[in-house]
Amino acid sequence: MLSRRAPLSAVLTVLASVLLWPPSPAIGATTVTNPGFESNGATQTPASWSETGTVAASKTEAGGRSGSFRLTHWAASAYSVETQQTLTGLTAGSYTLSAWVRSGGGQAAAYVALRNCGGAQAQANIPLSSNTWVQVSVTANVTSSSCTVSIFSNASANQWINVDDVSVTGGGGGGQRLQIMGGDVSSVKKNEDFGGTYFTSTGTRGDPLAILKTAGMNYARLKVWVNPADGYNNKARVLTMATRIKAQGMKLLIDFHYSDSWADPGKQVKPAAWANLSLAQLNTAVYNHTFDVLNSLKNQGTTADMVQIGNEINPGMLLPTGSTSNWANLAQLLTSGSNAAKAVSASTLVMLHLAEGGDNATFRWWFDNATSRGVPFDVIGASYYCYWHGPLSGLQANLNDMAARYGKPVVVAETAYGFTLTQKDSEPNIFNSSHVSTCGYPATPQGQADAFRAVVNAVKAVPNGRGMGVFYWEPGWTAVTGSGWDPTNPSSGNGWENQALFDYNSRALQGMSVFGQ
């Protein structure tokens, strides 16, 4: 067996012998043969797989994710290698390749792919994950009777990847697509009112909602503030945007913040008009406000398909009254909002939404408390930003556990990633160079697309079809003077523009195509 840190002399010895071995196509089958690289143990030539390029860099060795062995790409000098297997006898349809991977990072290229399937190659980059296994997947439309599974890396000396538990599923015209491929478009109206414009990738000006819909977005999210200082994200403006969203044929998620401004784990401030209300009065206010907004949407023919009772409510909402330090109070407030939503429309789904999507201990504690007090809800929502909330494997494990533990579908209600590190306005960007090293994706349009796709794939991998969907947060919030983050300060800027899905010329970026995958 060659270890990941094998000496150069050992690599060259094996290379000399392997170059005499003519690689041939793997044995044809409709499913992956030797998917866990267990068949012939630690070897330079894993059974049923072939290798091209710097073949000495591709080998199996001890330390598998689920079995005893794994595939490793590594060499003491620069290398480029592909490990591949061709499936044959396939029926036309959509097929999904999934694999568990980890990486030391720094490769010029490292991905799993489906190629020679009758169309363009489909690939998923292998992210930086160090010693943590993460699952990646990619879907391709097979129009021929064969398709090649490819594991590729191009790296400098001592760079490495591990791959294990490879599978290809689908066919027969099927193919898994998430129910929800959504985006939060709460800032679009303010952007437009201050002169913001939007273009397709080829430069044609258009309605940003139409551009997003054409890319594959099928669900839009709108936040609601009670009495914001600038008049945006209030009931009237939400009604206007809801009409546009439904006109595009998209579904609608309404996100109640129960505040006059941003509500998140760091701040859950009561609306000024509710500041001195008792618990009983707050319950009434939550019910009436929720009912009023949702009933107004219903009356104009734009009934909400889903509603959030609170936004990122890890510490509770309407603090201090609704703090998690007093779960009895919080449960009452959540129940008031949920009951109001169902009173308007029994078919509207109720989501409870927390931040820190990789923190399973917090999610378990929080939802155990909610369920033990009978809080009614339909969907579990999680925010996940890789630069704040830990590795993708933590998100995957948490979503899997939440879906199984509570028997509810799960949604990533917020995610995003930067396409550049430059600024468009004077407001410091939230996403910066330290976040690139944390997540392992470059701050490029391709890196943004790969980071977004990885989150989508994690939700798709939730067992028993309980992965419901993903919302990209503020894909249309570009830097426009006057459309800043602070509703009380007209001169505030936008610290999010480098995570939008429109570039600094307001053209659609390639990350938008992930909506349509």
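Residue numbers run from 1 in the order of the sequence given.
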Any side-chain heavy atom of Lys408 within less than 4.5 Å of one from Val410?
no
Can Thr420 and Thr422 be counted as having a side-chain donor-acceptor contact under 3.5 angstrom?
yes
Note: Lys223-Asp184 ion pair, threshold 4.0 Å (strictly below)
no
Between Ser150 and Glu82, is there a side-chain donor-acceptor contact under 3.5 Å, judged purely by atom types and distance?
yes
Under a 4.0 Å N-O cut-off, is there an ion pair linking Lys190 with Asp193?
no
Minimal non-hydrogen separation, Ser491 against Asn489, with atom names:
OG-OD1, 2.7 Å
Assign the ring pair Tyr472 / Phe515 to parallel, tilted or perpendicular, where the plane angle (0 to 90°) is split at 30° and 60°.
perpendicular
Could you tell me whether a side-chain N or O of Asn314 sits under 3.5 Å from a main-chain N or O of Ala355, the two making a donor and an acceptor?
yes
Is a donor from one side chain sitting under 3.5 angstrom from an acceptor on the other, for Gln499 and Glu474?
no
Applying side-chain hydrogen bond (donor to acceptor under 3.5 Å, both in side chains) between Arg405 and each of Asn360, Asp368, Thr371, report the one that passes.
Asp368
Disulfide (SG to SG under 2.5 Å) contacts touching residues 418-464 (sequence neighbours left out)
Cys386-Cys439
In Å, rounded to the nearest 0.5 Å, how long is the span from CZ of Arg70 to CG of Asp165?
12.5 Å
Specify the closest pair of heavy atoms between Gly337 and Thr290, including all atoms of both residues, with the distance to one decimal.
O-CG2, 3.6 Å
Keeping the roles fixed (side chain from Lys213, backbone from Gln248), state whether a donor-acceptor pair exists under 3.5 Å.
yes
Main-chain N/O of Thr488 paired to Asp486 side chain as donor or acceptor, under 3.5 Å
yes
Tyr258 and Phe256 aromatic ring geometry - parallel, tilted or perpendicular at 30°/60° bounds:
parallel
Checking Thr132 against Ser393: is there a side-chain donor and acceptor pair closer than 3.5 Å?
no
Carboxylate-amine/guanidinium contact Asp503 Lys424, below 4.0 Å
no
Please find the pair of heavy atoms, one from Leu392 and one from Ala458, that lie closest to each other, and give the distance.
CD1-CB, 4.1 Å
Please confirm whether the ring centroid of Tyr417 lies under 6.0 Å from the ring centroid of Phe431.
yes
Taking C-beta and beyond as the side chain, do Asn311 and Glu414 meet within less than 4.5 Å on heavy atoms?
yes
Centre of Trp133's six-membered ring, under 6.0 Å away, within 45 degrees of the axis: is that where NZ or CZ of Arg65 sits?
no
Got a donor-acceptor contact below 3.5 angstrom from the Tyr198 side chain to the Ile211 backbone?
no
Using 30° and 60° as the class limits, which term best fits the ring planes of Phe377 and Phe367: parallel, tilted or perpendicular?
tilted
For the CG atom of Asp164 and the CH2 atom of Trp100, what is their distance to the nearest 0.5 Å?
10.5 Å
CG (Asp305) and CG (Leu253) are apart, to the nearest 0.5 Å, by 9.0 Å
Answer yes or no: is there a donor N or O on one side and an acceptor on the other, between the side chain of Asn494 and the main chain of Asp425, under 3.5 Å?
no
Measure up the Tyr504 and Phe419 rings against each other and bin them: parallel (under 30°), tilted (30 to 60°), perpendicular (over 60°).
perpendicular
Could you please spell out the steps behind the side-chain contact (heavy atoms from CB on, under 4.5 Å) verdict for His73 and Phe152?
CA-CA 9 Å; His73 286 180; Phe152 176 83; 5.8 Å; no
List the residues meeting side chain to side chain donor-acceptor pair (under 3.5 Å) with Ser483, not counting sequence neighbours, and say none if there are none.
Asn191
Side chain Ser323, main chain Pro320, donor-acceptor under 3.5 Å:
no
Using modelled atom types only, decide if a donor and an acceptor are shared between the side chain of Thr54 and the backbone of Ser80 within a distance under 3.5 Å.
yes
Trp473 vs Trp496, test: side-chain contact (heavy atoms from CB on, under 4.5 Å). Steps then yes/no.
CA-CA 10 Å; Trp473 199 74; Trp496 200 261; 3.3 Å; yes
So, Asp230 side chain and Tyr232 main chain: donor-acceptor pair closer than 3.5 Å or not?
yes
Under the 3.5 angstrom rule, does the side chain of Trp225 hit a backbone N or O of Ser261 as a donor-acceptor pair?
yes
Determine whether the side chains of Glu61 and Thr72 contain a donor N or O and an acceptor N or O closer than 3.5 Å.
yes
Which atom pair, heavy atoms only, marks the closest approach of Ser103 to Ile126?
CB-CG2, 3.8 Å
Sub-3.5 Å donor-acceptor pair from the side chain of Trp366 to the main-chain atoms of Ile313, do we have one?
yes
Give a yes or no on this: more than 12 heavy atoms of other residues, nucleotides or ligands lie within 6.0 Å of atom CH2 of Trp388.
yes
Could you walk me through whether Val185 and Leu209 pass the side-chain contact (heavy atoms from CB on, under 4.5 Å) test, one step at a time?
CA-CA 8 Å; Val185 293; Leu209 298 182; 3.9 Å; yes
Flag yes if more than 12 heavy atoms outside Lys246 fall under 6.0 Å of its NZ atom; otherwise flag no.
yes
Is the closest side-chain donor-acceptor distance between Lys267 and Ser259 under 3.5 Å?
no
Sequence neighbours left out, what passes side chain to side chain donor-acceptor pair (under 3.5 Å) with Glu312? Give chain and number order.
Ser383
Shortest non-hydrogen contact from Ile161 to Val163?
CD1-CG2, 4.2 Å
On a heavy-atom basis, which atom in Ser201 and which in Arg507 lie closest, and how many Å separate them?
O-NH1, 3.4 Å
